[in-house]
Amino acid sequence: MISVEEARRRILAGLAVLPAEQVVLTDALGRVLAEDLVARTTQPPAPVSAMDGWAVRAADVASVPCRLRIAGYVPAGQHFEGTVGPGEAVRIFTGAPVPDGADAIVIQEDADQEGDAVVVREGVAAGRYVRRAGLDFSAGDVGVRAGTLMGPRAVGLAAAMNVPWLRVRRRPRVAILPTGDEIVMPGEPIGRNQIVSSNALALAAFVRQMGGLPVDLGIAADDRASLAALAGAARGCDLLVTTGGASVGEHDLVRSVLGEAGLQLDFWQIAMRPGKPLMFGQLAGTPMLGLPGNPVSALVCAVLFLRPAIARLCGMPDLAAAEEQAVLGADLGANDRREDYLRATLDRTPDGRLRATPFPTQDSSNLLRLVAADCLLVREPHAPPTAAGAPVRIVPLGGVFGAL
Ligand SMILES: Nc1nc2c(c(=O)[nH]1)N[C@H]1C(S)=C(S)[C@@H](COP(=O)(O)OP(=O)(O)OC[C@H]3O[C@@H](n4cnc5c(N)ncnc54)[C@H](O)[C@@H]3O)O[C@H]1N2
Ligand code: MOO
């Protein structure tokens, strides 16, 4: 059995970054940039006032109070045509261009208008409350790097940079194929000995949340014809994800049926719990990730392998490092040779450190517990008995991107 790290490395090596396409900025949310976002304008385009007040020459207000002649009025969106001369001030508002000749803004709270003059009570240094041209960015500056997921902030920045179209990665089409005679879709009649399929819907949601397009292939029965026919429908997708049928029983057909259909298996079985029967390969040019059927195993594998796989297809940096440190909230016995991903809750110790406490039962069918968990607590293979308070690695399950 290969390690979790080795499995992830091999999966990433078996996937190629998808081609780019062009989208209008209003459709860019949740897409991954295929090239750097480069400013097409300078912001602000000219020096502007950061406050409502008076544009002055700082030298004129070096000693206060002083009286300046009002030479003009400039709200945002307009421009003062003249030049502010010695002893003059221009009424100005936030965002308006600072007139030529002026080099500072006196805020209106520090001055009083008296007819056609303004009496300044507080002096200002040159440059005060003036936003220089290009303070935010200049034309040609890189705002967001290729490989970045476009969130609301980046959409706003692209707009400010006057970039109406973006080159983004095509959305990965991920075919999802649950297998098993015992599973039916939610809402369908449930026969004797049958259960409702949770994997397909959870994985489709996971893919969609990551900006991919889930393709529902239906449910493959535990017979060779059904599985072969439905898996064939994955042609044209960027990734096929199966669940179930991955283990060693004679009804676990995925490996053998897809093998007959041309699956070039890269690996099967990894030193991980849950998730031991994970498999990866190439089926007629389509990468194939075979997840275990147990709902918790399937979703933990989605976090650890499908998430980086989709990220890779989208040209994003490796997300494997989305781990954090915490302290252990309960004593744990020795671990065996499989890397363990324990469902755990998070809280804070009295001194503010993150604390991860695993649930006492860790059955890989227990979806309710998975939903109640805040993180996965990682235990290395062969970890010795470990006392509460020891440092541990965790994989958070919350967060916006790839949240479970
Ligand atoms: N003798 C051995 N038995 C098993 C081993 C082993 O090494 N030796 N591995 C165990 C491990 S670990 C896992 S994980 C499971 C995974 O097996 P499969 O991937 O073949 O999954 P199935 O047998 O098809 O199903 C397992 C379990 O999950 C339920 N299931 C399946 N699909 C869905 C779905 N879409 N939604 C909800 N639940 C689903 C299914 O009913 C089973 O209860 O094998 C162990 N056995
Ligand atoms: O590895 Mo299985 O995934 O224990 O439940």
Side-chain angles (χ1 to χ4, degrees), residues 1-4 7-8 174-188 190-207 214-224 226-227 230-231 240-259 263 265 267-281 288-306 335-343 358-359 361-371 373 376-379 381 395 404:
M1 287 194 290
I2 61 172
S3 71
V4 169
R8 185 153 44 216
V174 180
I176 297 172
L177 181 57
T179 69
D181 283 340
E182 76 280 27
I183 54 172
V184 295
M185 290 304 278
E188 285 178 357
I190 306 176
R192 199 173 163 200
N193 307 323
Q194 285 192 309
I195 61 161
V196 179
S197 168
S198 58
N199 289 346
L201 283 132
L203 291 169
F206 190 88
V207 167
V215 177
D216 177 2
L217 297 188
I219 296 175
D222 285 330
D223 70 70
R224 309 187 82 86
S226 167
L227 187 54
L230 291 177
L240 165 63
V241 177
T242 62
T243 77
S247 191
V248 293
E250 55 256 45
H251 300 287
D252 295 330
L253 295 173
V254 170
R255 228 163 8 107
S256 76
V257 172
L258 297 192
L263 176 70
L265 191 66
F267 67 81
W268 172 60
Q269 290 193 322
I270 62 172
M272 175 181 169
R273 180 175 35 244
K276 177 181 165 191
L278 187 80
M279 73 179 86
F280 180 70
M288 179 272 179
L289 184 63
L291 305 182
N294 278 314
V296 173
S297 314
L299 289 177
V300 168
C301 286
V303 171
L304 292 182
F305 304 105
L306 181 55
N335 192 20
D336 62 13
R337 65 182 179 141
R338 290 159 76 186
E339 187 157 85
D340 225 340
Y341 286 78
L342 304 174
R343 278 68 76 200
F359 291 117
T361 56
Q362 294 284 335
D363 193 286
S364 58
S365 66
N366 200 334
L367 197 51
L368 194 74
R369 276 283 153 76
L370 179 66
V371 173
L376 302 171
L377 190 164
V378 188
R379 295 212 76 208
V395 178
L404 189 63

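When a ligand or atom number is given, it counts from 1 through the structure's own listing order.
Side chains of Y341 and V378 form a contact here, defined as non-hydrogen atoms less than 4.5 Å apart. Considering only heavy atoms from C-beta on, L258 stays 4.5 Å or farther from M279 through its side chain. Within the 4.5 Å cutoff, the side chain of L201 has heavy atoms near those of the M185 side chain. For the pair H251 and D181, the minimum side-chain heavy-atom distance is 4.5 Å or more. With a 4.5 Å cut-off on side-chain heavy atoms, L367 and L299 count as touching. For the pair R224/L253, a side-chain contact is recorded, criterion being any heavy-atom separation below 4.5 Å from C-beta on. Between L278 and L289, some side-chain heavy-atom pair lies under the 4.5 Å cut-off. Using a 4.5 Å heavy-atom threshold, the side chains of R337 and M1 count as touching.
Ligand 1 places these atoms under 4.0 Å from at least one heavy atom of I195: 38 (N), 41 (O). Using a 4.0 Å cut-off to heavy atoms of P295, the atoms of ligand 1 that qualify are 37 (C), 38 (N). Taking every heavy atom of A246 and a limit of under 4.0 angstrom, the matching atoms of ligand 1 come to 18 (P), 19 (O), 20 (O). Here is the list of ligand 1 atoms found below 4.0 Å of a heavy atom in P292: 14 (S), 19 (O). Within ligand 1, the atoms closer than 4.0 Å to a non-hydrogen atom of R338 are 12 (S), numbered from 1 in the order shown. Atoms of ligand 1 lying under 4.0 Å from any heavy atom of D252, numbered from 1 in the order shown and given with element: 20 (O), 23 (O).
By the 4.0 Å heavy-atom criterion, G180 is excluded from the residues contacting ligand 1. Not a single heavy atom of P274 sits less than 4.0 Å from an atom of ligand 1. The shortest heavy-atom distance from G245 to ligand 1 is under 4.0 Å. Taking a 4.0 Å cut-off on heavy atoms, M1 fails to register as neighbouring ligand 1. Residue-ligand proximity: S297 is placed with a non-hydrogen atom under 4.0 Å from ligand 1.
Ligand 2 is surrounded by P274, G275, K276, N294, S297, R338, S364, each with at least one heavy atom closer than 4.0 Å.
In this structure, CG in L217 is found 6.5 Å from CG in L230, a value given to the nearest 0.5 Å. Considering CG of L177 and CG of D216, their distance stands at 9.0 Å, rounded to 0.5 Å. In this structure, T242 OG1 and M288 CE are separated by 3.5 Å, a value rounded to the nearest 0.5 Å. Taken to the nearest 0.5 Å, the CD1 atom of I2 stands 11.5 Å off from the CE atom of M272.
The minimum heavy-atom distance between I183 and P178, with the atom names listed, is CD1-CB, 3.8 Å.
Inspection of the S365 and D363 side chains reveals an N or O donor paired with an N or O acceptor under 3.5 Å.
Heavy atoms from both the backbone and the side chain of N199 come within less than 4.0 Å of ligand 1.
Of the candidates S198, P277, G290, G244, S198 brings a heavy atom nearest to atom 37 (C) of ligand 1. Which of N294, L367, V196, I183 comes nearest to atom 27 (C) of ligand 1 through a heavy atom is settled by distance: it is N294.
Where the criterion is an N or O separation shorter than 3.5 Å, residue side chain and backbone included, G293 meets it with respect to ligand 1. The shortest N or O to N or O distance between K276 and ligand 1 is below 3.5 Å.
From the protein, the heavy atom lying nearest to atom 2 (C) of ligand 1 is V248 CG2, 3.4 Å.
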